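Convention: sequence-line order gives letters A, B, ...; per-chain numbering from 1. Fair warning: this is a prediction, and the values are worked out from it, not measured in the lab.
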Number of protein chains: 2
Amino acid sequence: MKSVASTSDKILDVAQSLIVAGGYNGFSYADISDAIGIRKASIHHHFPAKAELVAVLVDRYTMQAQAGLQSLLEQAASPADQLQFYIDYWRSCIENASQPFCVCAMLASEMQMLPDEVALRVRAHFRNLAAWLTSVLQSGVEQGLFRLDRRPEEQAQMLMASVHGAMLSARALGDPGLFIAVVGPEIAGLRASSC
Amino acid sequence: MKSVASTSDKILDVAQSLIVAGGYNGFSYADISDAIGIRKASIHHHFPAKAELVAVLVDRYTMQAQAGLQSLLEQAASPADQLQFYIDYWRSCIENASQPFCVCAMLASEMQMLPDEVALRVRAHFRNLAAWLTSVLQSGVEQGLFRLDRRPEEQAQMLMASVHGAMLSARALGDPGLFIAVVGPEIAGLRASSC
DNA sequence: GTTCGCCTTCCTACTAGTAGGTAGACAAAC
DNA sequence: GTTTGTCTACCTACTAGTAGGAAGGCGAAC
């Protein structure tokens, strides 16, 4: 029994894929209107202002991401697997083009001209992701799976930057395989056997 | 004897800083008009269409970058120094906020909805930068300065991704120091003494 | 069990303002 | 005397957002 997505969910879904493609200024209420066959004014009924729509969208994205990362902690056996599943998730998103970029990475690039309510939430997502990576690396070190050159929080920032930079290169050069070509070696280098 | 910048150069300068802040859709002819005290129509005299303006801008940026990277090869003694000067350049750009992001990295994030003439040029810049980094790493290996885990071209892609990802993190978290905190260790890991 | 009022959702029709772009006049420079 | 650069004035299309109303669901009052 699959419940049909509500109108506001459909609006957020479309808006998200439009943001992934072109950022905050890269979509309009008219674009969403065309995509889901509803009038512009009806979208304003659900989300009075654009900044609010995107703020809700980022909240939803952050919560989904947090839930996904949490379930990775519970399902994947070791920190090494947790990291591997995380990048495998993005690899498949990029390779089947279902979501070829992180919404928050996209918005972060426009940080300087984002409404405050959106900028705040994007920043929170970066902090959450960095914290998750830090804890996974930390656990890996404690279990003797990883040998890090730096403190876990520094190494986590390096890894996060690699992931976002790899997404960007894959997009810039039109080569989805570039993502894993960049990120794969990066996590391989963290393994205890590397030195 | 310093020649005064021409109007078209001033237009490109302003457009560049606006793109760095908000991307292709983040600026308008009216914004440029306000910034340099000239009418919108006068900008259209120099650059009939927006896509053309940005294409010229990216051409100029790519040529400046190529010249800068070339002079780094000539001025810096060793490949290790060349790499160091390259990231020092970006560190200072980010820390004094003169240019806190790479124009082409910014545009690359919007690749999917860029006019063809712009997308083409952005992609070319990525290829140029990757090629430069590859040749520097290659030279470093030949001189026994670097020990790489991967082929130079792969390692160059990883380094480029790190640089762009570090810019993004610095911006997202509002912490300019994060750039060097991420990229510094990354190039330190390439040095022959690391293993 | 039907009428009443409220709420949700969507609609048509509109606003003020901004987008990129054009036409043509004018003045100075070559 | 033509080219170059700027201007005023304008255009069409699109932007986010608003006003006001129609259709239907739902629970309580009668």
S42(B) side chain near dC7(D) phosphate (N/O to OP1/OP2, under 4.0 Å): yes

Whole-Å distance separating the NZ atom of K10(A) from the P atom of dT9(C): 13 Å

Heavy-atom pair of closest approach, residues L137(B) and A156(B): CD1-N, 3.6 Å

Inter- and intrachain pairs under salt bridge (charged side-chain N to carboxylate O under 4.0 Å, His left out), touching residues 153-178 of chain A, at least two apart: R151(A)-E153(A), R151(A)-E154(A)

Heavy atoms of other groups near D116(B) CG, more than 12 under 6.0 Å: no

Spacing between I43(A) atom CD1 and dT12(C) atom P, to the nearest angstrom: 13 Å

Ionic contact status for D13(B) with K10(B), cut-off 4.0 Å: no

Pair Q70(A)-Q66(A), side-chain donor/acceptor within less than 3.5 Å: no

Length of the CG-P vector between D31(A) and dA13(D), whole Å: 17 Å

Cluster check L190(B), L148(A): I/L/V/M/F/W/Y, side chain < 4.5 angstrom: yes

Minimal non-hydrogen separation, K50(A) against N25(A), with atom names: NZ-CA, 4.3 Å

Separation of atom CD1 in I32(A) from atom P in dG17(D), rounded to whole Å: 11 Å

Phosphate OP1/OP2 of dT9(C): any T7(A) side-chain N/O under 4.0 Å: no

Sorted by number, the residues of residues 17-28 of chain B with heavy-atom contact under 4.0 Å to DNA chain C: F27(B), S28(B)

Stepwise side chain to side chain contact (heavy atoms under 4.5 Å, CB included) test for L83(A) and L159(A): CA-CA 10 Å; L83(A) 226 48; L159(A) 190 49; 4.0 Å; yes

Expected output: side-chain Y24(B) to main-chain M106(B) donor-acceptor under 3.5 Å: no

R123(A): partners by salt bridge (charged side-chain N to carboxylate O under 4.0 Å, His left out), with sequence neighbours left out: none

Nearest-angstrom distance from the residue atom NE2 of H45(B) to P of dG5(D): 4 Å

Residues in ring pair (Phe, Tyr, Trp, His ring centres under 6.0 Å) contact with F47(A), at least two apart in sequence or another chain: none

Contacting residues from residues 109-122 of chain B, given that a heavy atom lies under 4.0 angstrom of DNA chain D: none

Sugar-phosphate or base contact per nucleotide [nucleotides 21-30 of chain C; S, B, -; heavy atom under 4.0 Å]: BBB-------

D34(A) CG - dC14(D) C1' separation (whole Å): 12 Å

